[in-house]
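All remarks here apply to the structure that follows.
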Amino acid sequence: MLEPSPNKSAMSSPDELPKAYKPAEVEPVVLRRWDESGAFVADPAKVFSGEREPYCILIPPPNVTGALHLGHALNNTIQDILTRSHRMMGYETLWMPGTDHAGIATQAVVERRLKREQGKSRKDFTREQFVALVQEWKDEYEKRITGQLKAMGASCDFSRQRFTMDEICARAVREAFFILFRDGLIYRGKRLVNWDPVLQTAVSDDECYDEEIDAGFYYLRYPLVHWGVRDAATKPGNKEGGIRDAMPVTWDELAVRGYPGAEAHPGEQQAWVTVATTRPETYLGDTAVAVNPHDPRAKSLRGLWVELPLVGRIVPIVEDDYVVLPAALARDEEEKNDPKAAYATGFLKVTPAHDQNDNELYTRHKDVIDSNSAGTGLINVMGPDGAISDKHGWADVSHEAARLFVGLSREDARKKVLSEFKVRTVGDSGYLLLEEIKPYRHTVKHSDRSKAIIEPWLSDQWFMKVTDGRMARSANEALVAEQRSGGTQEGSEGTRHQGIKGDRKKQQHLRFHPARYAKMYEQWHDNIRDWCISRQLWWGHRIPVWTRAGTSWSESEMSEFDLKQRFATTDTFLESVTSNLVLGARFDAATGATTGFACIAPGSEELERRLEAKGYKQDPDVLDTWFSSALWPLSTLGWPDPDQSPQTKGLLGAFNPTSVLSTAREIITLWVSRMVMMNRYLLGGTALQSSVLGATQTALESSSTFTALESSATNVRNQHSTGPVPFRDVFIHAVVQDGDGKRMSKSAGNGVDPLDIINSHGADALRFTLCQMTTQTQDVRMPVETVCPHCAHVFALEAKHQITKDTKGIADARCPECKKEMVTSLGVGTGQMKPTADKPAATNTSRKFDAGRNFCNKLWNAARFGLGILGSSGPGVTPEGSDASTSAGRDARSTGSGMAKSLVDRWMLSRLRRSVAEVNAALEEYQFASYAQTMYDLLWRDFCDWYLEAIKPTAAGDAQQRAVLAHSLETIVRLLHPVTPFVTEAIWERLKDVETAPVDGFDLGPSRSVEMTDGDRRATQESPRSLLCMAGWPRLGASLNDEAAERDFARVQAIVTMIREVRAQHNVAPKRRVTLHAPSGLLDELRASGGLGYVELLAGLESATEVSAATGTACVSLRLETYDLVLSNLTDRVDAGTEKERLAKELGDKTKAASVMSKRLENPGYVAKAPPKLVEESKAQLATLEAEIAGLSKQLEAMG
RNA sequence: GGGCGGGUAGCUCAACUGGCUAGAGCAAUCGCCUUACACGCGAUAGGUUCCGGGUUCGAAUCCCGGCCUGCCCACCA
């Protein structure tokens, strides 16, 4: 490999251009030139001055948990294609790079490494020490990720690279938290979360996995009771008041009430209901029993209560549709087929503190359930370790229950409950409390990190109120009208037809590509729940709230902070609000404790010190990693104060809203939605800004009731004006899967490092192939193979060597060729594998990338050839007259003056123009595969196969043709630059200096004509002309469109192909010249269009003459449309058998086609109803086919 | 359970709102080191478009039903 040096040319001198494109020699040189030019540094001033329109993409920040894989490579290729093409189109472009701290994921990989390498856990370090260790990991992988991006050719503005936990992002997080908190959109609440009792932290749904376990369905009998108040004057639920008695309900009484089945227990004193549960231990926290209102038993139970055995709590019976009816009571097939119907009893124990559904049921029947003997419907009977505890909200614990259960683990508690229920009876009835146990297999949520069973646990967490209209509704309103389901039909029709070509770059709404994802986005917001934003971790943004237990704010403290006003929101008691401080108190109904708190805006360190001096401590929790991700379009651009840092100066105003977000579909909910909500809210007119705030306080002071306060606050919220969307288009790209259809990801262990592909195939090949694969479908398959590090043998790795959830470790593999051992590189990025000298790391590859490599090589050689011709006769216009040695030159229309272009030149220009239009359309619609396909056809099929072959004899002597050649090559190179930036940049280095005559209709952009201003020089002396990445995007005028040339050349191609077929069939040596005999009509036509010479050249003809009686030796007859042709001098002796076979096949094909056509025309419906144009076409085709068939049969007959 | 994709040549994928004999690349076969490229050139073969109905002059495309496969969301007393 050549040593890259700044002055070294990426492309050697023309005579010594290597035959094959060698990416490893070119890429480092080109990279260095880009880097030094500062070409990718955005200048917001250009946007403000109106000189350029902005175009901005924010990279979806990859997690610093590991290195990038091909999924990232795909997304980054897309973003770079968009960025580079728009840069060339003249937009001021900013592609913002960055990485994500990825909270729990990163903390977990670092913890895992510590455990493995040092046998230590996080608790062996102080928080500061541990965070420093994670920081080291982050630095390492951030560097690696940046290196990968650069190697791929990503034209990011690396001078502005962000990290979600750097200072600029941290400021945005603090500011956003403060505003949202102040405006009542963040609250502290006791909610059910996914609790990991081992790690003792809340985890999100995507940090859990489901696993089926064998368990049981348990049937518990709860005695029915009357629960009355003796003193009628006292309200139920009032603890001090009435004396209440629980009296058993008898079966006889139930029978009187009409309870079906009660007759079966005549004379028995204690009636009961049976609940079915998989979690008997949670019965300690039951606060109700639910029954379906359609259950025939429901009516007769009204007014009755249930007494929890041992616990003694009296709980109400509520009626709710949610309860599944047992199969015997099912009202229709659907209910009957509900798998739960087989297990249901019709009675459901309601445990709102330990089950999500019960919790929801509780909120529906809050008033009734809260009237139980505990006075609250929410009773938490577990501690953070999952053990039964009476310290977390279980106030009415009985002596019996405390003695038996408190202190037991979840598992032991279940056993204990069952053993007790097995020996105790329902009242004195003689029936056991435990009716039955049925075996049951079901899926249970487990924590990804600790593998422990997740406990839905009631804990104090911070929530973001995304259910608020300012969030969820606002996010749906951001959708462009035609993608909203609620939009009127008329409106959407209208916009679809005229709108699509409108200036999308300026649209104020969000548009998904493909459109179907808008639905997913919308449905998410329709069913959204408040977002738990706190995590009990060390790696992340600390929550900027300081608390002190057991106190509210004293008057003296209030005055110390110069705060006088008080008002409330629904969720917390805010005692005062200023521009940088929110003080308040919170009363916890469960524990009766009050907590004073303060939320502090960024940049108020003095306040923090004063609070801490008073004993206030910052909340130890950190924010969910998606909180900072949600602010990405704001934080990276410098919000709230872009001018504070030179890196972000002016960015927010110039580039938000950004142009497009390219991302994967699974984070539409986690990320896209939240960015939209944050951007719209935080860039909108903030509700409680000082002026509005004043008005609010006035309103509040005059209000006397809490309801009035609340409605005032609502009014204020409704005044909030909505900000812009963070991006106008959202492109959802395909997911890269491996050869077995499994999603490619680091954790799945089948990720491929793009650097492996860059090493084996080159960055451009990687990019071209990925671009080609990016269809509108939702998945793409990428079969992965392993390269042996010893012998470079390529083989498919067996599944057992891949890292999976089960193997979880280093997977050794053995090369089937040299039998030596290696560790597969899969998963190296996560630090799970350690290559050694004996067992080096294997790399990966995929044959898919051969296509990209071949394409780049083709371009390289086409350029090499083109440059050879263009350089050979020196610069400038060479006078005509040089000897055109074949008839192609003679036939060309240009007969010396150089004014008229030859057929093939006109054809090439027309094809170029069409291709530019196709590429533009593909980019506009995010059809990347179509972009690649267009360029493949243009370069390979049109330019190389036909154009270059056709001009070989003439180009050297035809200045005008050389001009067309130069313009064609340049257009292709420019069009391809966004996809294959390295090879095109290398070619450009030589191509840019080629001078030719102008070609009318070309506008290759400012680089050819525009004078540079000083500002254009960016950081260096590079002129825009000197780098392709800063050159203009081709614009080809309508005058280049030439249908006649396309038609005429298509005929040339048809004849040439036909002759080649015959030659191949008869095994004619390529060098042998044959003679074509054709009717004068055809020859005249070809001559007139200027195509005859190309036929001769490309079909390997000695000459083309009129059909004559004596056609010479070795003749073969051909049939083209209505013309009979003869090829002579084909071989020394034509094999009659081969020829007959050929003709017969030809005849068969034509006959088949003709019968399809005639059948179609015989159909009266077709002639009557199909568009006349189609019918005419069919008729013409049939006529041609019939003529050919006639000719062929005649020829076949003649042969005997 | 709800929603969304996909099923087309041996493999990976195309085919715009229904309309040329359903197309490419790879692999296969045949012939070529033709003076840009063997990472190449020329040619050949290969498809009952998952199955069954329907609408239509006409269906890979639209509708209904089924099978297979992938993803997202919810649920899992």
Side-chain angles (χ1 to χ4, degrees), chain A residues 17 19-21 205 210 212 217-218 275-279 282 290 322-324 338-340 343-345 347-351 355-358 442-445 514 516-517 519-520 523-524 527 665-666 668-669 735 737 739 741-743 761 765 772-773 775-783 847-848 850-869 927 929-930 933 936-937 944-945 948-949 952 1057 1060-1065 1067-1071 1100 1149-1150 1152-1157 1160 1163-1171 1173-1175 1177-1178 1181 1185:
Chain A
L17 289 180
K19 281 176 79 167
Y21 172 59
D205 284 338
D210 283 335
E212 278 213 324
F217 234 113
Y218 306 92
V275 297
T277 179
T278 55
R279 298 205 59 197
T282 64
Y322 172 74
V323 180
V324 175
D338 186 327
K340 281 180 215 152
Y343 292 93
T345 63
F347 297 101
L348 177 68
K349 66 191 262 313
V350 181
T351 325
D355 182 282
Q356 188 59 49
N357 286 307
D358 291 7
H442 64 137
T443 56
V444 175
K445 215 183 261 184
R516 64 183 123 96
Y517 292 111
K519 203 169 171 183
M520 187 195 274
Q523 285 171 353
W524 165 257
N527 303 315
R665 64 176 172 277
E666 75 266 16
I668 289 176
T669 53
V735 167
Q737 302 179 333
K742 278 181 294 192
R743 182 190 155 71
H761 289 79
Q772 202 176 28
M773 286 171 66
T775 58
Q776 299 294 296
T777 173
Q778 68 173 10
D779 316 298
V780 291
R781 293 265 176 115
M782 176 68 72
R847 292 180 204 279
K848 279 249 171 191
D850 291 357
R853 182 198 56 195
N854 297 353
F855 181 80
C856 294
N857 191 56
K858 190 72 179 175
L859 174 64
W860 176 262
N861 277 292
R864 207 157 64 92
F865 180 63
L867 287 167
I869 293 173
Q927 309 262 9
S930 149
Q933 189 59 45
Y936 182 92
D937 290 340
C944 291
D945 287 356
L948 288 183
E949 293 303 327
K952 272 180 180 174
T1057 303
R1060 282 175 178 170
E1061 279 171 28
V1062 175
R1063 293 181 63 125
Q1065 244 139 13
N1067 249 329
V1068 179
K1071 280 180 181 159
D1149 286 354
K1150 302 279 183 200
K1152 197 177 140 203
S1155 90
V1156 168
M1157 212 51 77
R1160 186 174 297 171
N1163 183 338
Y1166 179 69
V1167 181
K1169 295 187 186 173
K1173 201 177 146 198
L1174 274 178
V1175 178
E1177 266 176 39
S1178 303
Q1181 276 170 14
L1185 284 166

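In what follows, chains are A, B, ... by sequence order, proteins preceding strands, each numbered from 1.
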Rounded P spacing from B/U49 to B/A74 in Å
40 Å
Rounded to whole Å, NZ of A/Lys1169 lies from C1' of B/G58 at a distance of 11 Å
Exercise. Indicate, with a heavy-atom threshold strictly under 4.0 Å, whether A/Cys944 touches base, sugar-phosphate, or nothing.
Key: base
Quick note, A/Asn1163 side chain, CB onward, closest among B/C71, B/G3, B/C57 is B/C57
A/Pro1070 has its side chain closest, among B/C32, B/C37, B/G25, to B/C32
Exercise. Looking at every strand, decide which applies to A/Ala1064 at a 4.0 Å heavy-atom threshold: base, sugar-phosphate, or nothing.
Key: sugar-phosphate
Separation of B/A22 atom P from A/Lys1152 atom NZ, nearest Å, is 7 Å
Open item on the list: It should be established whether A/Asn857 places a side-chain nitrogen or oxygen under 4.0 Å from OP1 or OP2 of nucleotide B/G40.
Closed with: no
Per atom distances to the A/Lys1071 side chain, the nearest of B/G25, B/G19, B/U34 is B/U34
Picking from B/U21, B/G19, B/A38, the nucleotide nearest the side-chain atoms of A/Lys19 would be B/A38
Notebook entry, point to check: Expressed in whole Å, how much space separates the C1' atoms belonging to B/G10 and B/G31?
Noted result: 24 Å
Over all strands shown, is A/Tyr343 touching base, sugar-phosphate only, or nothing at heavy-atom distances under 4.0 angstrom?
nothing
On RNA chain B, more 5' by nearest nucleotide between A/Gln933 and A/Phe217 is A/Gln933
Closest to the side chain of A/Arg864, out of B/A36, B/A24, B/C39, is B/A36
Using Watson-Crick geometry (N1-N3 plus N6-O4 or O6-N4) or G-U wobble (N1-O2, O6-N3), each under 3.5 Å, B/G42 is paired with B/C30
What's A/Tyr936 touching, base or sugar-phosphate or nothing? Going by heavy atoms closer than 4.0 Å. sugar-phosphate
Paired to B/G52 by Watson-Crick or G-U wobble criteria (both distances under 3.5 Å) is B/C64
In terms of heavy-atom contacts, A/Val275 and A/Thr345 come closest through CA-OG1, 3.9 Å
Are A/Asn861 and A/Arg864 linked by a side-chain donor-acceptor pair shorter than 3.5 Å? yes
Separation between CD1 (A/Ile668) and CH2 (A/Trp524), nearest 0.5 Å, reads 11.5 Å
- Query: So what does A/Arg1063 touch, heavy atoms closer than 4.0 Å: a base, only the sugar-phosphate, or nothing?
  - Reply: nothing
- Just to confirm, is there a sub-4.0 Å distance from OP1 or OP2 of B/U21 to any side-chain nitrogen or oxygen of A/Gln1181? yes
Closest heavy-atom pair, A/Lys349 versus A/Asp358, reported as atoms and distance to 0.1 Å, is O-OD2, 3.2 Å
In Watson-Crick or G-U wobble terms, with both distances under 3.5 Å, the base opposite B/C57 is B/G19
Closest to the side chain of A/Thr775, out of B/A36, B/C13, B/A43, is B/C13
*Contact class for A/Leu859 (heavy atom, under 4.0 Å): base, sugar-phosphate, or nothing?*
nothing
Taking every heavy atom of A/Glu666 against every heavy atom of A/Val735, the minimum-distance pair comes out as OE1-CG2, 4.4 Å
Winner on side-chain proximity to A/Trp524, out of B/A43, B/C41, B/C73, is B/C73
For a quick check of understanding: with a heavy-atom distance under 4.0 Å over all strands, which category does A/Pro1171 fall into, base, sugar-phosphate or nothing?
base
* Asked: Donor-acceptor pair under 3.5 Å: do we get one between A/Glu949's side chain and the base of B/A36?
  -> yes
| Base, sugar-phosphate, or nothing for A/Asp850, non-hydrogen atoms under 4.0 angstrom? | nothing
Rounded to the nearest 0.5 angstrom, the NZ-CE distance for A/Lys1152 and A/Met1157 is 12.0 Å
When rounded to whole Å, the CZ to C1' distance for the pair A/Phe855 and B/A36 reads 15 Å
Testing B/C57, B/C75, B/G5 for proximity to the side chain of A/Arg516, the answer is B/G5
Per nearest nucleotide of RNA chain B, the residue lying toward the 5' end, A/Lys519 or A/Leu948, is A/Lys519
*Within 45 degrees of the axis of the six-membered ring of A/Phe865 and under 6.0 Å from its centre: does A/Lys952 put its NZ or CZ there?*
yes
Whole-Å distance, A/Leu1174 CG to B/G18 P, equals 13 Å
Checklist entry - Which part of the nucleic acid, if any, lies within contact of A/Lys952, taking any heavy atom under 4.0 Å across all strands shown: a base, the sugar-phosphate backbone alone, or nothing? => result base
Per atom distances to the A/Lys858 side chain, the nearest of B/C20, B/C37, B/C39 is B/C37
Quiz prompt | Sugar-phosphate only, base, or nothing, as touched by A/Arg847 at under 4.0 Å among non-hydrogen atoms | solution = nothing
Classify the nucleic acid contact of A/Thr345 as base, sugar-phosphate or nothing, counting any heavy atom under 4.0 Å across all strands shown.
nothing
- Classify the nucleic acid contact of A/Val1167 as base, sugar-phosphate or nothing, counting any heavy atom under 4.0 Å across all strands shown. nothing
To the nearest 0.5 Å, atom CG of A/Leu1185 lies from atom CG of A/Asp1149 at 10.5 Å
In whole angstroms, the gap separating C1' of B/G40 from CG of A/Asn854 amounts to 9 Å
Of B/A36, B/G19, B/G25, the nucleotide closest to the side chain of A/Ala1170 is B/G19
The Watson-Crick or G-U wobble partner of B/C4, with both key distances under 3.5 Å, is B/G70
Scanning all shown strands, the Watson-Crick or wobble mate of B/A14 with both distances under 3.5 Å is none
Under 4.0 Å, counting only non-hydrogen atoms across every strand here, what does A/Met1157 touch: a base, just sugar-phosphate, or nothing? sugar-phosphate
